[in-house]
Amino acid sequence: VCFERGAGKPKDTARARQLYKRAAPSCPTAKANLAAMIQRGEGGVTPDPKQAAVLYEEAAKDGNGPAMNNLGVLHATGTGVEQNGAEAVRWFRKAVEVPSGVFVLNEKHAIDNTEKEGATRDLGEVPGRNSVAAALFNLGLLSESGVGVPMSAQSAARWFALAAEKAMMDSGNAEGLLI
């Protein structure tokens with residue numbers, strides 16, 4: 001992580017990818033980090049969403065929460081895998097049970113089968129979010145749009161409220177006051 005982000009070391013994404021690759025067979029977190037780098041095309045590799053999906057699924061099956069959330073995003077958007085709302089919901093629900101985090105669908109993202117003008121298929125990294133809050137938020141987006149679950153504004157509002165509550169609790173701001 002230090003080489004990937006340049007924290008305490010000079011940033012060297014190729015070295016980070018190499019270290020993640022070495023650790024991946026025995027470390028689900030390293031496998032999920034490697035998947036994210038491959039998905040983004042960092043560390044001297046061409047972006048490969050299909051390979052990223054394979055690695056995310058392996059890490060998710062080993063209990064890695066961020067990988068579960070990211071795999072849900074891939075299924076919701078059809079990035080690297082066939083678009084499947086039910087699978088997205090399944091992985092987001094699993095991610096809710098495991099702390100930590102990485103990606104969230106963004107508001108510009110088309111999550112249905114139609115190409116919308118101006119929609120993007122890029123995933124947005126949201127630093128500081130954990131996979132539980134991200135997965136809850138993503139479940140809200142799917143409920144709001146009816147992807148993988150029946151469309152329901154009431155259900156979407158419930159998921160969004162849970163996501164906000166979880167993010168607030170994790171920030172140490174349980175009273176809900178902005179500081």
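Worth knowing before you read on, the calculation uses all heavy atoms, side chains too, and leaves out hydrogens, waters and symmetry mates. Along the sequence shown, the residues carry numbers beginning at 1.
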query: Stepwise, does the side chain to side chain contact (heavy atoms under 4.5 Å, CB included) test hold for V73 with N138?
result: CA-CA 8 Å; V73 170; N138 288 337; 3.7 Å; yes
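Counting only heavy atoms from C-beta outward, the side chains of T13 and M37 approach each other to under 4.5 Å. L139 places a side-chain heavy atom less than 4.5 Å from the side chain of V96.
To the nearest 0.5 Å, atom CE of residue M151 and atom OG of residue S143 are 10.0 Å apart. Separation of atoms CG (N69) and CZ (F92) is listed at 5.5 Å; rounding is to 0.5 Å. The line from CG of D12 to CD of Q18 is 8.5 Å long, rounded to the nearest 0.5 Å. In this structure, the separation between CG on L55 and CG on N64 is 11.5 Å, given to the nearest 0.5 Å. Separating the CG atom in L136 from the CZ atom in R158 is a distance of 9.5 Å, to the nearest 0.5 Å. Between D48 atom CG and Q39 atom CD the span is 10.0 Å, to the nearest 0.5 Å.
The nearest pair of heavy atoms linking A95 to A135 is CB-CB, 3.7 Å. Closest approach of F137 and F160 over heavy atoms only: O-CE2, 3.4 Å. In plain terms, the two heavy atoms of L74 and Y56 that are nearest each other are CD1-CD1, 3.6 Å. What you find for A67 and A32 is that their closest heavy atoms are CB-CB, 4.0 Å. Here the closest heavy-atom approach between residue A52 and residue I38 is recorded as N-CG2, 4.2 Å. Here the closest heavy-atom approach between residue E82 and residue H75 is recorded as O-ND1, 3.7 Å.
By the 4.0 Å N-to-carboxylate-O rule, K61 lies too far from E58 to be salt-bridged with it.
Connection of V149 to W159 is established within a shared hydrophobic cluster, with ILVMFWY side chains joined at heavy-atom distances below 4.5 Å, either directly or through further cluster members. The same ILVMFWY cluster, assembled from side-chain heavy atoms under 4.5 Å apart, contains both L142 and L162.
Between the side chain of Q83 and the main chain of A76, a donor-acceptor pair closer than 3.5 Å is present.
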